[in-house]
Amino acid sequence: MDFTFWLDEQSNEPLYLQLYQHIKEEIQYGNVGAGTKLPSIRRLSTHLSISKNTIEAAYQQLISEGYVESKERSGLYVVPVDGDIIPHQNIEQHLFEEDWNHEEKTYTYDFRQGRIDLDHFPFSIWRKLSNQSLLPEHKDTYLYGNPQGEPELRKEIAKYLYHSRGVNCSPGQIIIGAGIQQLLTLFGQLMDMKDKSVAIEDPAYDGAKMVFKSLGFNLHPIPLDDKGINVDHLVRSDAKVVYVTPSHQFPYGMILPYAKRLELLQWMVNTNGYIIEDDYDGEFRYIGKPIPALQGLDSAGKVVYLGTFSKALMPALRMSYMVLPKNLFLTFKEKFSAYEPTVSKIHQKTMQLFMENGHWDRHIRKMRKIYQSKHLTLTSGIQNIMGNKVRIIGSQSGLHILLKVNNNMSEGELIESAIRHEVKVYGTSKYWIDKHHTETPMILLGFGGLTEEQIYEGIVRLNKAWFHSS
Ligand SMILES: Cc1ncc(COP(=O)(O)O)c(C=O)c1O
C-alpha cells in the first residue's frame with residue numbers, strides 16, 4: 001500500500017509533519033488497520049517525490065508516539081489502537097450506506113418477480129462457451145467493440161426476432177445494451193422534442209417510469225380497460241410517444257388484442273409519434289397461439305422494439321436489445337458514434353455461440369414447458385385452495401400473476417401477514433402513477449424461481465395467512 005495525499009509545499013508546516021499527521025489520522029480512523037506494513041522509505045519517497053529524510057523523520061515521529069513499531073529486518077508495522085477507532089468527522093458515512101431495496105432476509109417461499117429457474121439453467125454449456133470466448137483465437141473479445149453490439153450477435157438476434165417474435169429488422173437496426181433502462185435512456189436521448197412528454201400505461205413497470213422522469217419527460221398516465229391500454233385516452237393526451245407492453249401488460253398481464261394494436265398504430269400514424277414496445281417476456285405464452293410483436297405490423301417505421309435476455313436466460317447477463325426505426329437509427333449514428341458499447345464483448349461472444357449452436361432455441365422450448373407447469377401449479381393451486389376468495393389476473397403468459405384478495409386487508413397487511421407465515425409476496429401500488437384508484441388490493445406473485453413444491457406450499461401458507469389468521 002501507499003499513501004496518496006496533497007502535500008502543501010507552500011505551507012509553514014514542514015513536510016515531514018504533514019506526512020506524519022496524515023498517516024496518524026489514517027491509523028486513528030481505521031483506514032490503515034493494525035498489522036499493516038508501511039511502505040519502505042525508498043518506495044514512499046519515489047511515490048510522493050519527496051526526500052527520504054522527510055519520510056524517515058515522519059516515520060520516527062510515528063514510532064516514538066507508538067503508532068507503528070519496527071520489526072527487525074522486516075519493516076514498520078501499525079500497532080493495534082487501544083479503544084474505539086475515531087470515526088470520520090467530515091464524512092457523513094450514513095449517506096453512503098447501502099440501503100437498496102434488496103431484501104437482507106431470505107424466505108423459503110419468495111414470490112419475487114424477476115427470479116428465474118436456476119435448477120434448469122445449462123450451467124456446463126454456458127461455462128464451456130464462456131471458456132471458448134476467452135480462447136486466444138478470439139482475442140479481440142478482450143478489446144473495445146462495436147458501439148451497437150457485435151454484428152455476429154446482432155445477426156443471431158435478428159434471426160430469432162423474426163422467427164419467434166415476428167419482428168422485421170436487419171441486424172444493423174439493433175442496439176445491444178446493458179438492460180432495458182439503459183436502452184430507454186438512450187431512446188430518450190435520441191428524442192429531439194421541444195415538449196418532452198411520454199404516455200405510459202397506468203399501471204406500468206416502475207423502472208421505465210423512473211427513466212423517463214429522470215430524463216425530464218412529462219408523464220401522461222393512460223388507464224387500461226380490460227383489454228389493455230385505453231387508446232381513446234391516449235388520443236386525448238397530447239403525447240407523441242407511448243410506452244407499452246403489448247405481449248404481456250406489466251403488471252396486469254393482458255395481451256393487447258389485434259384490433260387494439262391497429263388502433264395504436266393508427267394513433268402513431270395520425271400523430272407522427274412513436275410507440276415503444278417493451279417485449280420483456282414475450283417468449284412465455286402458455287395458452288393459445290404465440291402473438292407476434294406489434295413491431296411486425298408497423299409499416300410506418302415508428303415502433304421502437306425492446307427485448308431482453310433477463311427473463312428467458314438470466315438477469316445477471318445485463319443484455320437487452322433495441323430495434324430502432326430508420327430515422328432514429330440515423331440520429332443514433334450521428335449523436336453516439338463515439339460511444340463505447342455497454343455490454344461486455346466476452347458475454348456477447350458467449351451469447352452468440354449459445355445462439356449459433358441452437359442452445360438458445362432449445363433452452364426457450366425447455367423453459368416454456370417448465371414455466372407452464374409451474375404456472376399451472378400456481379393457478380390451479382390458488383383456485384383449489386382459495387376458491388372465490390381471490391381473483392387471478394393475467395394468467396395466460398409470463399412469469400408472474402396478480403391476485404386480488406377479498407378479505408378487507410390492505411396491501412401492507414397482506415404482505416405482513418404473509419411474512420408471518422414465511423412467505424414473501426409483493427404489492428402493486430407502486431406501479432401506478434395516478435394514485436386515485438380505490439380497488440381491492442392486488443398482490444404480485446412471481447413464480448419463476450420457486451419449485452412446484454414451494455409454489456404449492458406457499459399457497460397453502462398464504463391461505464392460512466389471509467383467511468384463517470384470527
Ligand atoms: C416490463 C419490464 N421491462 C423490462 C424489465 C427489465 O429488463 P432488463 O433486465 O433487460 O433491464 C422488467 C423487469 O422486471 C420489466 O418488468
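Heavy-atom basis, side chains included; hydrogens, waters and symmetry copies ignored. Since the model is a prediction, treat every value here as computed from it, not as a measurement. Every number for a ligand or one of its atoms is a count from 1 in the order of the listing. The first residue of the sequence shown is numbered 1, and numbering continues consecutively from there.
- Annotation: cation-pi geometry not satisfied between K311 and F309 (NZ/CZ under 6.0 angstrom from ring centroid, within 45° of ring axis).
- The residue from I459, V405, V460 that alone fulfils the side-chain contact (heavy atoms from CB on, under 4.5 Å) condition with M386 is I459.
- Ring-centre distance between F121 and F123: below the 6.0 Å cut-off.
- Heavy-atom contacts from other residues, nucleotides or ligands closer than 6.0 Å to NZ of K366 number more than 12.
- Within the listing of ligand 1, atoms 10 (O), 11 (O) sit less than 4.0 angstrom from a heavy atom of G179.
- Scanning the protein for heavy atoms near atom 14 (O) of ligand 1, the closest one is K311 NZ, 2.9 Å.
- Annotation for ligand 1: atoms under 4.0 Å from non-hydrogen atoms of Q113 are 14 (O), 16 (O).
- Scanning the protein for heavy atoms near atom 6 (C) of ligand 1, the closest one is Y205 OH, 3.5 Å.
- Ring pair F332/F336 is tilted by interplanar angle, where 30° to 60° counts as tilted.
- Nearest protein heavy-atom neighbour of atom 3 (N) of ligand 1: D278 OD2, 2.6 Å.
- Nearest protein heavy-atom contact of atom 11 (O) of ligand 1 is I180 N, 2.9 Å.
- Heavy atoms of R318 come nearer than 4.0 angstrom to ligand 1 in at least one pair.
- For Y431 and F250, the distance between ring centers is under 6.0 angstrom.
- One N or O on the side chain of Q181 and one on the backbone of G207 form a donor-acceptor pair closer than 3.5 Å.
- With hydrogens left out, the protein atom closest to atom 8 (P) of ligand 1 is S310 OG, 3.5 Å, a heavy atom.
- At least one N or O atom of T308, backbone or side chain, sits closer than 3.5 Å to an N or O atom of ligand 1.
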